[in-house]
J.: 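Mind having a look at this structure? Questions to follow.
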Amino acid sequence: MAKRMREFIRIDPELCSGCQRCHTVCPVDAIEGEPGEPQKICGDACVMCGQCVQICSAYDAFFEKDADWRVQKLRERNMPDGTNEPLFAAHYRGNFLAVKEILMHKNKFTMVQCAPAIRVALAEEFGMPLGSLVPGKMAAALRRLGFDRIYDTNFAADLTIMEEGSELIKRLTEGGTLPMFTSCCPAWVKFIEDKYPELVGHLSSCKSPQQMAGAIFKTYGAGLDGVAGENIYSVAIMPCTCKSFEAGRQEMKASGYQDVDAVLTTRELGYLIKEAGIDFAGLPEEEFDKPLGIYSGAGNIFGVTGGVMEAAIRSAYEMVSGKPLDSINVTSVRGEIGVRRTIIDAGEFQLKTVVVSGLKNVLSLLETVKQGNAEFDFMEVMTCPSGCISGGGQPKMLLPLDVPDAYHNRRNSLYRHDEELTYRQSHENPEIKTVYEQFLGEPLGHQSHKLLHTSYKASS
Amino acid sequence: MNAQLNSFVVADPKKCIGCRACEIACAVAHYDKEIKTVGCLDRPLISRLYLVKTAEVTMPVQCHHCENAPCVKSCTAKCIEYQDNKILIDEERCIGCKSCILACPFGAIELIISPCEIEKKNLLSMNTGGKENSSQAVVASKCDLCTRRSQGPACVEVCSQQALRYVDFYTERKRRQSEAAQAIGAFVESFRGQEG
C-alpha cells in the first residue's frame, strides 16, 4: 500500500520542529512522533488529504539555509526553481515539472479539466481577494498555457449526477446495498477500503468526476477531435492532494489508456501561470470549450460540502416524483456543521440524507451502518472540513486567521456561480443530453458501466 | 519609577511549541503589500523575531527595546532612536555598519536588503554571494512592535498557544499590585476571622 501511494504527502525532518499542529487536523491520526522532534506520516493510515500541508508553518527561514540546499529541495518536491515560496516541513510532491514538459514540447494533444473549487481559489495566488470567482480568467489562462482543449470537471460532475442519481433510485426501488455513500472524494474512498472493508458495497459504483472526465476525454472527446486516445495527454487541476493517487489507481484505465495522465493542484497551476509570465488579473473572461466544458450549477456546487447531495436531489427528485422541485436551492443540506441530516419528501419516496464534512465526523455513522441501524438512505462524505474548497491542494493561507474567510468566500462564490448559470440541474445540461444520445446510451447502460463505474477492493 | 518604560514582546517557553507561525506573521506584517497566500510571495519571508530551538528551550527571541539600549549607543550613523517608548531603526539612514548586531545581547538585529531595494532584485542572489549584491542597500532590521499595525504586534495575535505576550509595564504593575492587594486583603480578613 505504501508503495502505491508514492508518498505524495511528506514531512521533511530537516524542517519539522515537532510542534504537532498537524496532529490536530489529521483526520486519521496518521502522524506520529514526540513533541519537539520531527514527525512522521504513517503511510498506511494516511489518506493524503493534505490538511497537514495546509496548517504547517515550520518553514526554511531565509538566512538559515544556502541556495544549493533550497534548489535541491525544490527539485525533490517538483516545485519550480524560481519560486520565492518558503519550503514548509509538511508538503505535497506534485506533478508540476511533468506537465510543464508536456506543454513545452507540444507533442501530445492536451486536454485539461478543472474541479469546481479551482475557479473560486486560483485568483488568490495572484493577490486577488479571497474566494474571487474567476472561471473566465481561468479558462483564458489555460488557453495561454497551450492546452488544446479547455474542458471542465463540472461537466463530468453533471454526468456523475446522471449516473449516481440513477444508481440511488435503482438501489431504492429494486433493492441494493443501502445506505449508499458518495464516491467523489478519493480520500474517503481509500479510508473505507482500508478501515471499513466490509462497507465497500455501500459506496456508489460511480467514479469521481475527475475519472469520468478522464474516461470520456480519451474516448468520446478523442473522436470529436479525430485524435487517437493514445495521443491525448489529459491533465486534471484539482484542489486535492489525493487526486493524483486516484488517477494512478490500477483500474483507472477505462479508455484503454491511463484516463488522467497528470493531476496538478490549484497551487501548481499557479506556478505554471506565473512561470509563463501571464498577468492573471489582467486576463479577459473566456469560455470553456464545447461540448465537454459546458456545465450546470449543480455540477459546480460539487466543490462545497453538501453540493453533491444537493445536485443529486435536484435531479433525482424530478426523476422519482415527476414534479419540479419547489425550490432549486436545497438549502437544508447546506451548512458548515460536520453532520447534517435532512429528509426529502419526493412523492412516494422519503429520502433520508446525511451530509458529512470532515472525515472524523463519519466514524459514529459508520458504526451504525455496520450494526444495521443506519437511519438514512444516502450519505455524502467529504474528507476536508468544508469540502473541496478547503482541500489540501488549495492556496495556502500565510496566516491561520485568514482561513475562515477564505472558506467562507470560496463557498459563497460557488453558490453565486450556481445561481448565475443558465442550467441549474445536471439533467438539463444540453451537452449531457447529447453525450447520452450520441455515445453513452442511457445512465447505468453498457457504455456507462464500462467507462464511468468502478468497483472497490477491500484492503486487508 | 517612571511609568513610561518601553514595552516589548516576550515568549513563554513553557507554552511555545516552535511552530514558527509568529515568524510568518511578523514577515507578513512587514511585507510591502497586503498578501494572504503563500503563492503571492514574490520574495522570501523575512521575520524580525527568531525561533530558537535547542535541547533545553524552544521560544522566539526578539528585541527587548532596552531602556539603556546598547544598539542605540553603538550606532555609528545615529539612526537607532527612542521613539514613543520603542527603539526604532531609521532604515533610510542606516549605513549597514553592523555595530548594533555586535552590541545587541539578544541577537535580535539582522541585516536585510532594504525593502525599497528588494523590489528591484531577487533576494535569493544574496545567499549565493552574487556580484550584484554590492549595489544593494543592506540595512539593519529588528522588531518595531508593529508600529504601523493598529491591532498591535502580529506575532502575539497569531500564536495558537498564547505563548507570546506584549508587556506594557504600567498595566502589568497595576495588575500585579491589584492581585497582591486582593491576596493580602483576603489573608488579613481570614486572620481577623480567626482572632474574633
Side-chain angles (χ1 to χ4, degrees), chain A residues 15-22 24 35-36 53-71 81-89 121-131 266-271 273-274 394-403 405-406, chain B residues 13 15-29 31 33-60 107 110-113 118 122-130 141 151 154-155 157-161 163:
Chain A
L15 291 171
C16 178
S17 61
C19 77
Q20 298 190 323
R21 290 205 301 151
C22 48
T24 63
V53 174
Q54 291 289 359
I55 199 172
C56 181
S57 52
Y59 71 108
D60 61 322
F62 183 68
F63 291 98
E64 291 174 10
K65 309 284 182 190
D66 67 28
D68 291 342
W69 178 90
R70 186 174 159 86
V71 167
D81 284 349
T83 183
N84 280 311
E85 287 191 7
L87 295 169
F88 291 92
L122 178 61
E124 295 167 3
E125 296 286 68
F126 301 93
M128 292 172 73
L130 299 180
T266 317
R267 291 173 68 182
E268 288 179 289
L269 176 59
Y271 299 153
I273 295 170
K274 276 175 215 152
Q394 290 283 64
K396 177 179 164 102
M397 294 300 128
L398 283 158
L399 304 178
L401 304 164
D402 287 325
V403 171
D405 281 352
Chain B
K15 291 182 180 172
C16 176
I17 55 174
C19 71
R20 310 194 87 144
C22 53
E23 291 183 285
I24 296 176
C26 174
V28 169
Y31 209 76
K33 59 185 182 212
E34 194 189 2
I35 45 165
K36 299 284 189 190
T37 75
V38 171
C40 286
L41 291 167
D42 46 24
R43 56 189 171 79
L45 286 173
I46 296 176
S47 171
R48 295 168 181 229
L49 78 168
Y50 309 93
L51 180 77
V52 174
K53 190 165 155 46
T54 67
E56 293 80 29
V57 70
T58 297
M59 66 184 277
E110 177 68 277
L111 280 193
I112 63 164
I113 292 178
I118 279 167
N122 188 335
L123 190 47
L124 262 183
S125 59
M126 188 175 174
N127 264 0
T128 64
S141 159
Q151 312 94 304
C155 54
E157 189 182 45
V158 80
C159 182
S160 64
Q161 310 300 310

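As the structure is a computational prediction, the values presented were derived from the model and not from experiment. Scope of the values below: all heavy atoms of this structure, side chains included, with no hydrogens, waters or symmetry mates.
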J.: Would you check if Arg267(A) and Val38(B) make a side-chain contact, meaning some heavy-atom pair closer than 4.5 Å?
T.: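 Yes, their side chains come closer than 4.5 Å.
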J.: Roughly how far, to the nearest 0.5 Å, is the SG atom of Cys40(B) from the NZ atom of Lys274(A)?
T.: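 Between atom NZ of Lys274(A) and atom SG of Cys40(B) there are 6.5 Å.
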J.: Non-hydrogen atoms of chain B under 4.5 Å away: do they reach the side chain of Leu398(A), the backbone, both or neither?
T.: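 For Leu398(A), heavy atoms of backbone and side chain both lie under 4.5 Å from chain B.
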J.: Which region of Tyr271(A), side chain (C-beta onward) or backbone (N, CA, C, O), has a non-hydrogen atom less than 4.5 Å from a non-hydrogen atom of chain B, or is it both or neither?
T.: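 Neither the backbone nor the side chain of Tyr271(A) comes within 4.5 Å of chain B.
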J.: Kindly compute the distance separating OG1 (Thr37(B)) from CD (Glu125(A)), expressed to the nearest 0.5 Å.
T.: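 The CD atom of Glu125(A) is 4.0 Å from OG1 of Thr37(B), to the nearest 0.5 Å.
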J.: Indicate the atoms forming the closest heavy-atom contact of Pro86(A) with Leu45(B), along with that distance.
T.: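 Smallest heavy-atom distance, with atoms named: CG-CD1, 3.5 Å.
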J.: Who pairs with Pro35(A) by side-chain contact (heavy atoms from CB on, under 4.5 Å), at least two apart in sequence or on another chain?
T.: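 With neighbours one apart ignored, the set is Gln20(A).
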J.: Considering non-hydrogen atoms only, spot the tightest contact between Gly18(B) and Cys19(A) and give its length.
T.: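 Scanning both residues, the minimum pair turns out to be C-CB, 4.1 Å.
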J.: At their closest point, which heavy atom of Glu23(B) faces which heavy atom of Tyr59(A), and how far apart are they?
T.: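 So the minimum-distance heavy-atom pair works out to CB-OH, 3.4 Å.
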J.: Indicate the atoms forming the closest heavy-atom contact of Pro44(B) with Asn84(A), along with that distance.
T.: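 Smallest interatomic distance, heavy atoms only, reads CD-OD1, 3.9 Å.
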J.: List for me each residue that meets side-chain contact (heavy atoms from CB on, under 4.5 Å) alongside Glu34(B), sequence neighbours excluded, and say none if there are none.
T.: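 Once residues adjacent in sequence are excluded, the partners of Glu34(B) under the side-chain contact (heavy atoms from CB on, under 4.5 Å) criterion are Lys36(B).
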